[in-house]
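Since the structure comes first, as structure tokens, the remarks are kept for the end.
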Number of protein chains: 2
Amino acid sequence: MTRKRFDEMGCSVACALNEVGDWWSLLVVKQAMLGTRRFVDFQHNLGIAKNILCNRLTRLVDNGVMVRVDVGEHGKRYEYRLTDKGRDLFTVVTALRQWSERWNGEKDSMQLVDRQTGEPLAPVTVQNQQGQTLTVRDVRFVDEDGKPLEEAG
Amino acid sequence: MTRKRFDEMGCSVACALNEVGDWWSLLVVKQAMLGTRRFVDFQHNLGIAKNILCNRLTRLVDNGVMVRVDVGEHGKRYEYRLTDKGRDLFTVVTALRQWSERWNGEKDSMQLVDRQTGEPLAPVTVQNQQGQTLTVRDVRFVDEDGKPLEEAG
DNA sequence: CCAGAAAGGTTGCATAACGAAACCAAATAA
DNA sequence: TTATTTGGTTTCGTTATGCAACCTTTCTGG
């Protein structure tokens, strides 16, 4: 009767959520993107309990999203850093942030800007090969043979 | 000692996760994007317990992500459909799906294609105003006055 | 070098969330 | 009319989360 995990559902989204869909996980990743690396800093910046933070960091490390780097002179001082896989979640986190801002208004005093130009980012969108923006209604779900997937039944 | 929610953290990402970050929530949204509308269909397609599904649907409706539409002749037959706000999560779900496929391989027999051309979608990316792709290292986090945010301390 | 603080946990306990199955009323199908 | 489907709610056992206390190793100040 353990909580059902999403790894054996044959679905990429489920698989992703299995790795970063726990309560707090994506916030830890977001915080790491802001530059936080130390255990105590995550703790204070997020207001998360130590045991939960410990669990989430371990889990993220196990899933290859972060790495624990030994920075103490004689060990026992660590930094948690994003891996390439973890940094690649930037799209997801940014999409979530923008979605929230669009529908719930600015909840964040912080803004994201292009380091080069200082301009705000463009909205993250789903696009086709030609760069045209697509909504969920502009796509089809097909199986491996290209046959349309009829669902909902 | 109730579970800490993310609505009062002054962070857009946290606010978003507060609405769709519960276990199962985003999978329900994804399933809705595949065309599922009925309670029983969500239940069977996802393999979720009825009480949890009930809770998540209610929560999604409360948060304006879905609506419950009465489709029975005399009431008591419902459909759950995505609102505009819900459909706007397409970017998030697609980014998650692609992230999983990039780092964990194809876990999905299903593919997403442009309805017009039949071609697979382009990778979702964060871009600046000029359409150039940005990584997390190409952005800066600034406060309302444009001053850089020094974090992690 | 020594005392004390800080980092990075672990443990125990109370409460909330989750999962499975049973149960139930209204609406529909046979 | 009876059976079945839909869309739940209830109950109960297990797991997850939150908080505080504690613990060991490493740094810091003197």
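In the text below, chain A, chain B and the rest are named by the order of the sequence lines, each starting its count at 1.
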Length of the [atom1]-[atom2] vector between [X] and [N], whole Å:
X: B/Leu53; N: C/dG19; atom1: CG; atom2: C1'; answer: 13 Å
X: B/Glu79; N: C/dA27; atom1: CD; atom2: C1'; answer: 15 Å
X: A/Leu57; N: C/dG8; atom1: CG; atom2: P; answer: 10 Å
X: A/Arg38; N: C/dA6; atom1: CZ; atom2: C1'; answer: 10 Å
X: A/Arg68; N: C/dG8; atom1: CZ; atom2: C1'; answer: 9 Å
X: A/Phe42; N: C/dA7; atom1: CZ; atom2: P; answer: 14 Å

First and last nucleotide of DNA chain D in contact with chain A, 5' to 3', at under 4.0 Å to a heavy atom: what are they?
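Contact span on the strand: D/dG13 to D/dC27.
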
B/Phe39 or A/Arg5: which one's nearest nucleotide on DNA chain D is closer to the 5' end?
B/Phe39

Where each residue is assigned the nucleotide of DNA chain C containing its nearest heavy atom, which of B/Arg56 and A/Cys54 is assigned the position nearer the 5′ end?
A/Cys54

Residue-level proximity of residues 6-21 of chain B to DNA chain D when a heavy atom falls under 4.0 Å:
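When residues 6-21 of chain B is checked for heavy atoms under 4.0 Å from DNA chain D, there are no hits whatsoever.
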
Going by salt bridge (Lys or Arg N to Asp or Glu O under 4.0 Å), name the pairs with one or both residues in residues 48-67 of chain B, residues two or more places apart or in two chains.
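Qualifying pairs: B/Asp22-B/Arg59.
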
Regarding B/Arg68 and the six-membered ring of B/Tyr78, is the cationic atom NZ or CZ under 6.0 Å from the ring centre and inside 45° of its axis?
yes

Mind checking if A/Tyr80 touches a base, just sugar-phosphate, or nothing, with heavy atoms under 4.0 Å?
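Answer is sugar-phosphate: A/Tyr80 comes under 4.0 Å of backbone atoms only.
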
Collect all protein-nucleotide pairs involving nucleotides 20-26 of chain C in which both atoms are nitrogen or oxygen and the distance is under 3.5 Å.
residue: C/dA20; atom: N6; partner: B/Asn51; partner atom: ND2; Å: 2.6

How would you list, by chain and number, every residue that makes a side chain to side chain contact (heavy atoms under 4.5 Å, CB included) with A/Arg115, sequence neighbours excluded?
B/Arg140

Are the side chains of B/Trp103 and A/Asp88 in contact, using a 4.5 Å heavy-atom criterion?
yes

Begin with the C-alpha distance, continue with both residues' side-chain angles, and end with the deciding distance and a verdict on side-chain hydrogen bond (donor to acceptor under 3.5 Å, both in side chains) for B/Gln31 and B/Thr36.
CA-CA 6 Å; B/Gln31 194 62 42; B/Thr36 301; 3.0 Å; yes

For [X], enumerate each residue passing the salt bridge (charged side-chain N to carboxylate O under 4.0 Å, His left out) test, keeping only those at least two apart in sequence or located in another chain.
X: A/Asp84; value: A/Arg87
X: A/Glu119; value: none
X: B/Glu8; value: none

Heavy-atom pair with the smallest gap, counting every atom of B/Phe141 and A/Leu112:
CE2-CD2, 3.1 Å

Nonpolar side-chain network containing B/Val40, other nodes, edges under 4.5 Å:
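Members alongside B/Val40: none; it stands by itself.
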
Working to the nearest 0.5 Å, report the span between CG of B/Leu89 and OG1 of B/Thr91.
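One finds 8.0 Å between CG of B/Leu89 and OG1 of B/Thr91.
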
Difference in axis direction between the ends of the helix from C/dC1-D/dG30 to C/dA30-D/dT1, five pairs, 10°
30°

Pair up each side-chain donor or acceptor in residues 129-136 of chain A with any protein partner under 3.5 Å, not counting sequence neighbours, and list the distances.
residue: A/Gln129; atom: NE2; partner: B/Pro120; partner atom: O; Å: 2.8
residue: A/Gln132; atom: OE1; partner: A/Asn128; partner atom: ND2; Å: 2.9
residue: A/Thr135; atom: OG1; partner: A/Arg137; partner atom: N; Å: 3.1
residue: A/Thr135; atom: OG1; partner: A/Asp138; partner atom: OD2; Å: 3.2

Please tabulate, for the side chains in residues 14-21 of chain A, all donor-acceptor contacts under 3.5 angstrom to protein atoms that are two or more places apart in sequence or on a different chain.
residue: A/Asn18; atom: OD1; partner: A/Arg5; partner atom: NE; Å: 3.0
residue: A/Asn18; atom: OD1; partner: A/Phe6; partner atom: N; Å: 2.9
residue: A/Glu19; atom: OE1; partner: A/Lys85; partner atom: NZ; Å: 3.1
residue: A/Glu19; atom: OE2; partner: B/Asn104; partner atom: ND2; Å: 3.4

Salt bridge flag under 4.0 Å for residues B/Arg77 and B/Asp70:
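Here B/Arg77 does not pair with B/Asp70 in a salt bridge, since their nearest N and O are not under 4.0 Å apart.
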
